[in-house]
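As structure tokens, the structure follows; a few thoughts come after it.
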Amino acid sequence: MVGDPRTFNPVTATDLYSDIVIGPLFEGLVRINELTALPEPGLAEKWEIASDQKTITFHLRHDVKWADGAPFTAHDVAFTLQVMYDTRVPNSMRSILLIDGKQMGVEAPDDYTLVLHLPRPFAPLMYTIGFPIIPAHILEAPYKAGRFNQTWNIDTPPAQLVGLGAFAMSSYVPAQMSQYVRNPNFWMKDDQGGELPRLHGRAILIVPDQNAGYLKFLSGQVDEYDPRPEEVVDLQSKVDQLKIKLTKIGVDNGEMFFSFNRNPRHYVKNGVTDPKLNWFTDLNFLRAIAHCIDKQGMIQLGFHGMGVPSVGDISPANKVFYDPNLKDYDYDVKEAAQILDGAGYRLKSPDLRVDPKGNRLEFNLMTKSGEPLRDQMCVIFKQDLAKLGIKVNYRPLEFTTMIEKIDNNFDWDCVLIGFTGTIDPNGGANYLRSSGPLHLWNPGQEKPATPWEVEIDQLLEQGAAEMDIKKRVPYYWRIQEIMHDQLPVIQTVRQIRYAAYKNTLKNYQPTPLGLYRSEYVEFK
């Protein structure tokens with residue numbers, strides 16, 4: 001991967017690299033099967049749903065131990081939920097686990113039984129209940145002392161990170177690697193009762209420059225690799241030479257988009273409103289920008305043909321909830337100019353356009369550094385906006401610096417960023433809901449800032465309350481339509497993904513949702 005984690009705490013983690021680094025350490029009550037996309041038993045070996053669908057009883061596996069040998073009990077799950085629901089603990093799970101703004105009731109009648117009492121039926125629960133469970137015997141004391149948010153930061157010695165996952169972290173060197181050893185207490189066994197995972201160790205290399213990461217794969221220093229499109233072209237001719245396999249996975253389940261900052265906490269100071277806030281909330285401005293996204297140019301130049309135009313928030317890879325009826329914004333710079341002209345954004349000279357009050361249209365653009373594909377997309381975007389007389393100051397930033405601007409100080413104008421997709425759309429509630437911490441353009445709103453955000457909030461609740469999956473679909477189609485029309489994010493391209501890995505790896509089955517039965521992977 002190209003960036004460092006920001007924390008080792010699975011509750012407070014909100015960035016992809018933290019999730020990747022600590023993911024092997026933790027487990028949840030349920031797992032999602034990467035082939036079927038259906039929930040299946042994890043630390044809960046079975047569960048029962050009451051006839052009113054408002055009470056769910058989870059029966060936990062017996063004799064499961066934490067990596068340090070302490071027993072795993074229902075108290076650990078109850079404690080994890082308590083922390084996630086605590087408003088003093090910043091995390092992205094709270095908004096997903098609230099039902100009509102209410103917490104679930106949590107009861108642990110014995111060590112191996114957990115009972116959840118829901119305010120009402122909640123269809124997405126089985127796709128949200130797989131969150132990483134944390135050890136109460138380690139973290140309850142710092143939580144009660146008010147130190148939880150500072151616990152398990154990246155300075156924590158790896159030996160102090162205690163989980164239930166397949167691996168335990170043995171070392172972490174910033175900007176170099178994270179290393180792991182097999183967790184001898186891991187609960188899962190193979191069909192013959194043998195120990196899992198089959199690998200005795202693993203490592204995740206941190207290589208900020210993707211070109212350097214590719215060279216490491218070519219030289220055999222890396223066993224598996226997520227190739228960029230231009231690398232897929234190169235690897236197709238080197239499969240035999242490198243003794244690798246190159247497998248087509250399919251259209252990316254996530255999304256990559258441009259988004260403009262609509263946060264008044266950044267643009268309104270001492271009663272004075274920065275004109276950028278007026279542009280970034282003006283639908284005419286946003287529609288003009290949407291018509292300047294040269295998706296086919298990006299697909300051919302950046303993705304080497306291995307991409308498809310992205311039209312809505314949900315990928316066509318999601319066969320259940322994808323809305324096929326959305327019409328894309330055609331790439332048409334002339335139409336964009338006409339929209340701007342009609343809205344009072346005047347062209348004073350070929351390279352200078354001003355708003356109705358005479359302010360020059362100029363903004364800053366950022367994306368994650370070290371990624372040539374995103375860099376190329378930003379350059380194409382900047383060049384097309386220059387044709388409209390809009391000046392774009394483009395500067396790629398180191399990932400943690402970029403996230404600090406987005407999450408904490410809100411000091412940004414426009415960003416090209418990618419989000420991973422979810423199976424159930426409610427998994428993106430912390431991004432879609434106006435109060436969500438990942439509501440990128442204006443996070444954590446006390447009250448929805450716009451009528452369309454009010455409607456999305458309502459649709460999320462209605463969609464989650466409907467237990468019939470076919471009847472749930474229209475709610476999420478409507479959300480996709482609103483996002484498409486109101487343009488808080490402006491879609492770009494979805495990559496056609498491939499996986500590259502050494503042909504000595506056995507049981508290696510990549511899917512759009514991840515590696516299937518990763519515990520069974522081994523070397524021949």
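Here, residue 1 is the first one in the sequence, and each next residue gets the next number. Any value given below was found using the heavy atoms of this structure, including those in side chains, with hydrogens, waters and symmetry copies removed.
- Residues Q236 and Y498 share a closest heavy-atom pair of NE2-OH, 4.4 Å.
- No more than 12 heavy atoms of other residues, nucleotides or ligands lie within 6.0 Å of NZ in K471, so this atom counts as exposed by the packing criterion.
- Neither side chain, Q480 nor Y322, offers a donor N or O lying under 3.5 Å from an acceptor on the other.
- Between R198 and V521, the shortest heavy-atom contact is CB-O, 3.7 Å.
- Using a cutoff of 4.0 Å between basic side-chain nitrogens and carboxylate oxygens, R120 and E461 are scored as salt-bridged.
- Between L114 and L29, the closest side-chain pair of non-hydrogen atoms falls below 4.5 Å.
- Between the side chains of S434 and D457, at least one donor-acceptor pair of N or O atoms lies under 3.5 Å.
- For the pair K470/P474, no side-chain contact is recorded, criterion being any heavy-atom separation below 4.5 Å from C-beta on.
- A salt bridge does not link E371 with R228: none of the charged nitrogens is closer than 4.0 Å to a carboxylate oxygen.
- Atoms CD and CZ, on E255 and F419 in that order, are 7.5 Å from each other to the nearest 0.5 Å.
- Taking the six-membered ring for Trp and thresholds of 30 and 60 degrees, F217 and Y214 have nearly parallel ring planes, at less than 30 degrees apart.
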Worked verdict on R182 versus E195 for salt bridge (charged side-chain N to carboxylate O under 4.0 Å, His left out): CA-CA 10 Å; R182 183 167 69 179; E195 287 192 1; 3.4 Å; yes

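- The heavy-atom pair separating L487 from H484 by the smallest distance is CD2-O, 3.4 Å.
- Taking a cutoff of 4.0 Å between a charged side-chain nitrogen and a carboxylate oxygen, D86 and R94 do not qualify as a salt bridge.
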If you apply the rule side chain to side chain contact (heavy atoms under 4.5 Å, CB included), what do you find for Y17 with T400, and how did you get there? CA-CA 10 Å; Y17 301 132; T400 53; over 6 Å; no

Quick one: do E519 and R31 satisfy salt bridge (charged side-chain N to carboxylate O under 4.0 Å, His left out)? Show the steps, please. CA-CA 13 Å; E519 296 82 10; R31 295 173 148 219; 2.7 Å; yes

Determine whether R478 and D323 satisfy the following criterion, salt bridge (charged side-chain N to carboxylate O under 4.0 Å, His left out), listing intermediate values before the conclusion. CA-CA 9 Å; R478 176 58 186 152; D323 183 353; over 6 Å; no

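- Between the side chains of Y180 and S178, a donor-acceptor pair is found at a separation under 3.5 Å.
- Under the 4.5 Å side-chain criterion, counting only non-hydrogen atoms from C-beta, N253 is in contact with L513.
- Using bins of under 30°, 30° to 60° and over 60° for the plane-to-plane angle, the ring pair W47/F58 lands in the tilted bin.
- With sequence neighbours excluded, the residues forming a ring-ring contact (aromatic ring centres under 6.0 Å, His included) with Y501 are Y508, listed by chain and number.
- With hydrogens and angles left out, the side-chain atoms of E40 and N33 include a donor and acceptor closer than 3.5 Å.
- No donor-acceptor contact under 3.5 angstrom links the side chains of N318 and S315, judged on distance only.
- At most 12 heavy atoms of other shown residues, nucleotides or ligands fall within 6.0 angstrom of atom NZ in K506.
- Using a 4.0 Å cut-off between a side-chain N of Lys or Arg and a carboxylate O of Asp or Glu, D407 and R6 qualify as a salt bridge.
- For the pair V11 and V89, the minimum side-chain heavy-atom distance is below 4.5 Å.
- The minimum heavy-atom distance between P119 and K54, with the atom names listed, is O-CD, 3.8 Å.
- Nearest heavy-atom pair across S95 and N430 is OG-CB, 3.0 Å.
- Contact record, Y476 with G463: OH-C, 3.2 Å, taken as the closest heavy-atom pair.
- Taking the side chain as every heavy atom from C-beta outward, R517 and L196 never approach each other to under 4.5 Å.
- Between the side chains of N426 and R472, no donor-acceptor pair is found at a separation under 3.5 Å.
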Which is it for R202 and D223 under the salt bridge (charged side-chain N to carboxylate O under 4.0 Å, His left out) test, yes or no, and what are the steps along the way? CA-CA 10 Å; R202 58 176 295 186; D223 300 310; over 6 Å; no

Applying ring-ring contact (aromatic ring centres under 6.0 Å, His included), run through F131 and F26 and close with a yes or a no. CA-CA 9 Å; F131 53 77; F26 297 97; over 10 Å; no

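- Residues V415 and I406 have side chains in contact (heavy-atom distance under 4.5 Å, counting atoms from C-beta outward).
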